[in-house]
Amino acid sequence: VDLVESGGGLVQAGGSLKLSCAASGSIGSFAALTWSRQVPGQPRLMIASISTIGHTWYAESVSGRFTISRDDALDTWSLEMNQLKIEDTGMYYCAARGVGEAWGQGIQVTVST
């Protein structure tokens with residue numbers, strides 16, 4: 001399955017963005033749908049995930065500000081990002097994980113002062 005992220009861009013600190021990930025096939029068989037973030041020189045780190053039954057997990061750095069959701073009917077999942085901070089700047093990647101694994105190509109989010 002191919003994944004395509006959308007919704008990134010430039011936003012001022014304190015603002016909001018919503019990222020979406022669209023899959024070319026069914027996401028129902030994947031155990032977890034995730035979002036990860038990478039900044040230059042740093043490893044890619046998972047920041048949010050959602051299971052097939054809707055259980056969610058968030059990294060401490062985004063907990064309370066970001067919300068992950070999924071729409072199995074549309075084979076998409078999203079990351080609602082609120083109260084954005086400068087340190088949220090980075091490349092955001094969606095991934096579908098299960099028996100196999102698929103990653104999107106990433107989308108840039110830049111938070112400015």
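Bear in mind that the values here come from a model prediction, so they are computed numbers and not experimental data.
- The distance from atom OG1 of Thr34 to atom CH2 of Trp57, rounded to the nearest 0.5 Å, is 9.5 Å.
- Proximity of Leu19 to Cys94: side-chain heavy atoms (C-beta onward) are nowhere separated by under 4.5 Å.
- Listed here is the closest heavy atom pair of Ile86 and Ser112: CD1-C, 3.5 Å.
- For the pair Leu84/Phe66, a side-chain contact is recorded, criterion being any heavy-atom separation below 4.5 Å from C-beta on.
- Formation of a donor-acceptor pair under 3.5 Å by the Glu5 side chain with backbone atoms of Gly106 is found in this model.
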Yes or no on side-chain hydrogen bond (donor to acceptor under 3.5 Å, both in side chains) for Gln38 and Ser36, after CA distance, side-chain angles and deciding distance?
CA-CA 7 Å; Gln38 187 169 26; Ser36 299; over 6 Å; no
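- Ile68 and Phe30 fall within a single hydrophobic cluster, where Ile, Leu, Val, Met, Phe, Trp and Tyr are joined by side-chain heavy atoms under 4.5 Å apart, directly or via other members.
- Judged purely by atom type and a 3.5 angstrom limit, Arg37 has no side-chain atom pairing as donor or acceptor with the backbone of Gly90.
- Interatomic distance, CD of Gln105 versus CE of Met91, reported as 9.0 Å (0.5 Å rounding).
- A donor-acceptor contact shorter than 3.5 Å is absent between the side chain of Asn82 and the backbone of Ser16.
- For the atom pair OG1 of Thr110 and CG of Leu10, the computed distance is 6.0 Å after rounding to the nearest 0.5 Å.
- Applying the salt bridge (Lys or Arg N to Asp or Glu O under 4.0 Å) rule to pairs touching residues 101-113 yields Arg97-Glu101, sequence neighbours excluded.
- Under the 4.5 Å side-chain contact rule for hydrophobic residues, Val1 and Leu33 share a cluster.
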Please assess Gln108 against Thr89 for the test side-chain contact (heavy atoms from CB on, under 4.5 Å), listing each intermediate value before the final yes or no.
CA-CA 8 Å; Gln108 179 68 35; Thr89 294; 3.9 Å; yes
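- Ile27 and Trp103 are assigned to two separate hydrophobic clusters, defined by single-linkage of ILVMFWY side chains at heavy-atom distances under 4.5 Å.
- Proximity of Leu79 to Ile47: side-chain heavy atoms (C-beta onward) are separated by under 4.5 Å at one or more points.
- With a 4.5 Å cut-off on side-chain heavy atoms, Cys21 and Leu3 count as touching.
- Ile50 is connected to Tyr58 through a chain of hydrophobic side-chain contacts under 4.5 Å among Ile, Leu, Val, Met, Phe, Trp and Tyr, so both are in one cluster.
- Side chain of Arg70 to backbone of Ser51: a donor-acceptor contact under 3.5 angstrom is found.
- More than 12 heavy atoms of other residues, nucleotides or ligands shown are found within 6.0 angstrom of CG on Asp72.
- Taking the side chain as every heavy atom from C-beta outward, Trp35 and Met81 never approach each other to under 4.5 Å.
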